[in-house]
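This report refers to the structure that appears directly beneath it.
Worth knowing before you read on, the calculation uses all heavy atoms, side chains too, and leaves out hydrogens, waters and symmetry mates.
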Amino acid sequence: MNLASIIEDIRESGLSFDNETAYEALLEAIGEAKYVLLGEASHGTSEFYKVRAKLTQRLIKEKGFSFIAVEGDWPPCYSVNGYIKREGPSAEAESAKALLSEQYRRWPAWMWANEEIAALAEWLREENSSRPDGRKVGFYGLDVYSLWESMDEIIRYLEKEGSEDLQKAKMAFECFEPYRRDEQSYGISAAFLRDTCEEDVIGLLKAMQDKRKAAQPGEKEDALSAELNALVAVNAEKYYRAMVQGGPQSWNVRDRHMAEVLEKLMQFHGPDAKAIVWEHNTHVGDARFTDMKEDGMVNIGQLVREKSDSVFIVGFGTYQGTVIAGKEWGAPHEVINVPESQPGSWEDLMHRAGQGDRLLLFTRGASSPIYRTVLGHRAIGVVYRPEHERWGNYVPTSLSQRYDAFIFIDRTHALNPLVREAQPV
């Protein structure tokens, strides 16, 4: 492996990412893709959010994209959807900051309750103000974690509708009640004692699907929300059952759920729909070109590519800086220093190319086979301990096969949460 050759190729084929020319080139490369998947190398880096927001705004304005779907829970994201469309209870929120702070309470709240998302939400609200009903841009959550919150939302929806399905929803909710909103307790009971709520939530999902089919035009999005909350309940039940058993199954349940929700959103928005997806690189970057494949794992990037040839995936990386994360699951978030990347990683080679922030377009000049070389590619999660980085934060990656483009920000800075000011450590 000749690392010097890769560095030289980066210098020759990479575009400077410090001006509008790079955005123009990226938009041209995206072309008429119906799915644009935007990654991030961490859940706590300001530049990743800001670049994705700017690109998202241009995709909406210039290429007619229909909605944004993110690695977040359905209920709070649907509240944001109401705010930006000026519909429903959340439309009355005094500001996006106030709404985000109220809605995103589950750890890690900073992922979506932050200054960067608040600015995007206000832009979307303004953009939608001049659009007719049916053409407003949406904002939705793809994730599977909100079992209890989704059940709460279904019951509220059915109470408001005066639906005969309310008793069915309450029975499904009661099945989970003994576990006191403790996912691990439910998972242990379901996996090892075979005491599951599977049939209850599947029955509820079928009822919500029937209800959506019968919904009147002005009620269809709320009916879709009820159906997708029921789908969360079905797949969250599977997820928590699989999680306690170990292995790749819980990961696969989660990413297959996200791909299924994305497809239902595409169907809801019609044959001309276009989707922008915001998720971590580990979800959007095609798993077949990492070591995830050997571990039997799939992800949304792979699943969407297998279903459609109209997909464009953008990965992100950084050499060093600061990031918002917790030292352990559920711990208070902190501003943590991100050390220089490991020698021989993709981030290290991008930095050694010596030209600052760069864009690689694998559909254009940077399509050399050299980018198929498998090297480590840094991935920082919501839990991050930089002293352990060498052993757990690098994903072996064929860069040009995992992504269609790669954005490298040499030095990055921590996200700006709306909750409890984080202090440097």
Side-chain angles (χ1 to χ4, degrees), residues 2-33 35-42 45-63 65 116 276-278 280-281 284-286 289 301 305 310-321 338 340-341 344-379 397-413:
N2 189 339
L3 298 184
S5 296
I6 299 177
I7 293 170
E8 185 58 33
D9 205 288
I10 292 169
R11 289 179 181 141
E12 292 179 357
S13 60
L15 298 175
S16 175
F17 200 69
D18 63 358
N19 55 50
E20 293 300 314
T21 302
Y23 282 93
E24 297 293 342
L26 184 53
L27 286 165
E28 182 183 355
I30 288 170
E32 298 305 313
Y35 300 86
V36 174
L37 279 55
L38 304 178
E40 59 181 353
S42 86
T45 299
S46 180
E47 285 82 359
F48 298 155
Y49 282 70
K50 287 179 177 178
V51 170
R52 292 188 298 181
K54 183 173 181 177
L55 183 56
T56 292
Q57 290 167 1
R58 295 197 61 174
L59 288 170
I60 291 167
K61 294 287 284 185
E62 299 173 34
K63 291 184 177 289
F65 274 72
E116 290 81 354
I276 304 165
V277 176
W278 286 34
H280 197 279
N281 289 340
V284 302
D286 195 323
F289 304 104
R305 271 185 174 175
S310 188
V311 183
F312 196 95
I313 304 176
V314 183
F316 285 74
T318 184
Y319 178 68
Q320 66 181 133
V338 177
E340 297 174 355
S341 60
S345 64
W346 281 112
E347 289 80 3
D348 175 57
L349 301 187
M350 296 289 291
H351 174 76
R352 286 164 62 186
Q355 297 176 314
D357 302 345
R358 306 292 284 173
L359 167 66
L360 294 175
L361 291 172
F362 302 122
T363 53
R364 300 299 175 92
S367 58
S368 165
I370 205 165
Y371 293 104
R372 296 191 177 197
T373 304
V374 176
L375 299 173
H377 174 18
R378 179 152 55 191
T397 292
S398 169
L399 206 64
S400 64
Q401 293 176 289
R402 189 177 180 187
Y403 309 117
D404 298 296
F406 184 70
I407 295 172
F408 173 74
I409 311 295
D410 189 69
R411 181 178 289 272
T412 50
H413 302 85

Please test Phe362 against Leu399 for side-chain contact (heavy atoms from CB on, under 4.5 Å), starting from the C-alpha separation and ending with a verdict.
-> CA-CA 9 Å; Phe362 302 122; Leu399 206 64; 3.8 Å; yes
Could you go step by step and tell me if Phe48 and His413 meet the ring-ring contact (aromatic ring centres under 6.0 Å, His included) rule?
-> CA-CA 9 Å; Phe48 298 155; His413 302 85; over 10 Å; no
Stepwise side-chain contact (heavy atoms from CB on, under 4.5 Å) check, Leu38 with Ile276 | CA-CA 7 Å; Leu38 304 178; Ile276 304 165; 3.9 Å; yes
Ile407 and Arg358: CA distance, side-chain angles, deciding distance, side-chain contact (heavy atoms from CB on, under 4.5 Å) verdict = CA-CA 6 Å; Ile407 295 172; Arg358 306 292 284 173; over 6 Å; no
Could you walk me through whether Leu359 and Leu26 pass side-chain contact (heavy atoms from CB on, under 4.5 Å), step by step?
-> CA-CA 8 Å; Leu359 167 66; Leu26 184 53; 4.2 Å; yes
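Smallest separation of non-hydrogen atoms from Leu361 and Ala29: CD2-CB, 4.0 Å. What you find for Leu15 and Ala25 is that their closest heavy atoms are CD1-CB, 3.7 Å. Pairing each heavy atom of Arg378 with each of Thr318, the nearest pair is NH2-O, 3.2 Å. Considering all non-hydrogen atoms of both residues, Tyr49 and Trp278 come closest at O-CH2, 3.7 Å.
Taking Lys54 as the reference, Glu20 meet the side chain to side chain donor-acceptor pair (under 3.5 Å) condition, with sequence neighbours excluded. Judged as a salt bridge (charged side-chain N to carboxylate O under 4.0 Å, His left out), and not counting sequence neighbours, the contacts of Glu62 are Arg58. Remark: Glu8 engages Arg11 in a salt bridge (charged side-chain N to carboxylate O under 4.0 Å, His left out) (not counting sequence neighbours). Residues meeting the salt bridge (charged side-chain N to carboxylate O under 4.0 Å, His left out) test with Arg52, sequence neighbours left out: Glu40. With sequence neighbours excluded, no residue satisfies salt bridge (charged side-chain N to carboxylate O under 4.0 Å, His left out) with Arg411. Residues that satisfy the side chain to side chain contact (heavy atoms under 4.5 Å, CB included) test with Ser345, not counting sequence neighbours, are Ser341, Glu347, Asp348, Tyr394.
Between Tyr319 and His351, the ring planes are parallel. Angles under 30° get that label, and only those over 60° would be called perpendicular.
Within 6.0 Å of NZ on Lys50 lie no more than 12 heavy atoms contributed by other residues, nucleotides or ligands. Annotation for Arg305: atom CZ counts as buried by contact number, over 12 foreign heavy atoms lying within 6.0 Å.
Atom OG1 in Thr412 sits 9.0 Å away from atom CZ in Phe408 (nearest 0.5 Å).
Each of Trp346, Tyr403, Tyr371 was scored for a ring-ring contact (aromatic ring centres under 6.0 Å, His included) with His377, with one residue passing: Tyr403.
Remark: side-chain polar atoms of Asp18 are not paired, donor with acceptor, to backbone N or O of Asp357 under 3.5 angstrom. Side chain of Arg402 to main chain of Gly315: no donor-acceptor pair is present (N/O by atom type, distance under 3.5 Å, no hydrogens or angles). Under the 3.5 Å distance criterion, the side-chain polar atoms of Thr373 are matched with a main-chain donor or acceptor of Ile370. In this structure, the side chain of Lys63 does not engage the main chain of Glu32 through any donor-acceptor pair within 3.5 Å.
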